[in-house]
2 protein chains.
Amino acid sequence: MRIGQLAQLVGVETQTIRFYEQQGLLPPPDRQDNGYRVYTEKHGEGLAFIRRCRILGLSLAEIHELQSYQDDPHQPCTAVNALLDDHISHVRSQITALQALEKQLVSLRASCNDDRGVEACGVLAGISEGNMHQQ
Amino acid sequence: MRIGQLAQLVGVETQTIRFYEQQGLLPPPDRQDNGYRVYTEKHGEGLAFIRRCRILGLSLAEIHELQSYQDDPHQPCTAVNALLDDHISHVRSQITALQALEKQLVSLRASCNDDRGVEACGVLAGISEGNMHQQ
DNA sequence: TTAAAACTATAAAGCTACTATAAGGTCAAT
DNA sequence: ATTGACCTTATAGTAGCTTTATAGTTTTAA
Ligand SMILES: [Zn+2]
Ligand SMILES: [Zn+2]
Ligand SMILES: [Zn+2]
Ligand SMILES: [Zn+2]
């Protein structure tokens with residue numbers, strides 16, 4: 001299986017596959033005589049794993065860490081679960097920050113309707129005056 | 001006023017000020033004979049405006065757009081308000097996506113307790129099996 | 001058969017919004 | 001005279017790819 005087929009199978013671009021290989025997330029495959037990469041099903045599974053992790057918002061570093069646990073299956077899975085717990089709290093704090101931001105933006109937006117000139121725009125005035133309530 | 005004083009006044013690093021100048025967000029100040037930048041109060045206001053926009057999550061491109069409106073004060077402010085509306089919807093869709101993600105992560109986490117080996121870890125199994133419900 | 005289309009390879013740059021480092025010039029005080 | 005604080009430019013690094021450039025290979029079609 002060549003790189004294009006693998007890419008289509010998993011739904012990634014070929015460059016992305018090369019990039020993961022370069023980053024050490026995907027093992028370097030064998031090469032044909034012409035230098036073309038040849039992939040096996042294992043590579044497909046590995047790549048799909050990476051993609052699912054990315055969809056879950058995990059960073060490449062976190063994925064790398066997960067892979068190191070996979071390579072050592074007799075360890076207790078405490079570290080895996082802890083990694084996920086950490087990531088969940090990342091996500092939660094992002095949500096909290098964005099919600100505070102949304103509130104601020106909505107109140108700023110409420111300070112203007114569309115029937116004004118830029119010089120009287122409540123939004124621009126609100127930003128310029130700097131009476132922003134820090135979270 | 002030199003760059004260090006301006007930086008301290010607004011609470012930014014000096015490199016950030018030079019960066020904004022390079023990006024066309026802050027007008028190039030006059031220079032002393034020795035090449036040092038000399039800033040006025042106007043620059044201070046401009047820089048503070050940029051920083052407040054950044055705190056509101058606006059991109060440098062969006063800030064640039066806002067500045068172009070400021071330079072043309074007789075236009076109606078429809079575009080300003082529209083920019084903010086767009087940004088609010090950016091933020092809202094990010095929140096929605098993150099909330100869906102959080103749900104997925106929490107349910108994945110619930111599939112494992114800490115008292116297993118990596119080979120039986122519900123989290124790793126959940127990712128590997130790929131039975132993830134796409135949002 | 002040959003020429004174009006499609007695929008592969010590497011290397012390097014671009015994206016965002018800075019931050020950090022290097023190597024050096026300027027200035028006040030000691 | 002030299003230390004230290006400040007300023008200058010240029011360059012590289014961050015994350016996770018995407019895009020571009022350049023070139024070699026394979027497949028398909030005329
Ligand atoms: Zn994380
Ligand atoms: Zn307005
Ligand atoms: Zn925006
Ligand atoms: Zn587990």
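Note on naming: letters A, B, ... go to the chains in the order of the sequence lines (proteins, then strands), and numbering restarts at 1 for each one.
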Determine: side-chain N/O of [X] to OP1/OP2 of [N], distance under 4.0 Å, yes or no.
X: B/Arg37; N: D/dC7; result: no
X: A/Thr16; N: D/dT18; result: yes
X: B/Asn34; N: D/dT8; result: no

Problem - Which residue lies more 5' along DNA chain D, comparing A/Gln32 with A/Glu13 via nearest heavy atoms - result: A/Glu13
In whole Å, I'd like the distance from the [atom1] atom of [X] to the [atom2] atom of [N].
X: A/Ile3; N: D/dT26; atom1: CD1; atom2: P; value: 16 Å
X: A/Arg2; N: D/dT25; atom1: CZ; atom2: P; value: 13 Å
X: A/Ile17; N: D/dT18; atom1: CD1; atom2: P; value: 11 Å
X: A/Arg51; N: D/dG16; atom1: CZ; atom2: P; value: 11 Å
X: A/Leu47; N: D/dC17; atom1: CG; atom2: C1'; value: 14 Å
X: A/Ile50; N: D/dG16; atom1: CD1; atom2: P; value: 12 Å
X: B/Tyr36; N: D/dC6; atom1: OH; atom2: P; value: 11 Å
X: B/Met1; N: D/dC7; atom1: CE; atom2: P; value: 11 Å

For [X] and [Y], indicate whether the former's side chain and the latter's backbone hold a donor-acceptor pair under 3.5 Å.
X: A/Thr14; Y: A/Ile3; value: no
X: A/Arg52; Y: B/Ser128; value: yes
X: A/Gln5; Y: A/Arg2; value: yes

Practice task
Inspect the surroundings of NE2 in B/His90 and state if more than 12 heavy atoms from other residues, nucleotides or ligands are less than 6.0 Å away.
Solution key: yes
Practice task
Determine whether more than 12 heavy atoms belonging to other residues, nucleotides or ligands lie under 6.0 Å from atom CD of B/Gln23.
Solution key: yes
Problem - Along DNA chain C, first and last positions that approach a heavy atom of chain B under 4.0 Å - result: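 Going 5' to 3' along DNA chain C, contacts run C/dA17 to C/dC27.
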Exercise for the section: By nearest nucleotide on DNA chain C, pick out whichever of B/Ala61 and A/Arg18 is the more 5' one. Expected result: A/Arg18
Exercise for the section: May I ask you to test the B/Leu124-A/Cys77 pair for a side-chain heavy-atom distance under 4.5 Å? Expected result: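 No, every pair of side-chain atoms sits at 4.5 Å or beyond.
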Problem - Minimum side-chain heavy-atom gap A/Leu60-A/Leu25 below 4.5 Å - result: yes
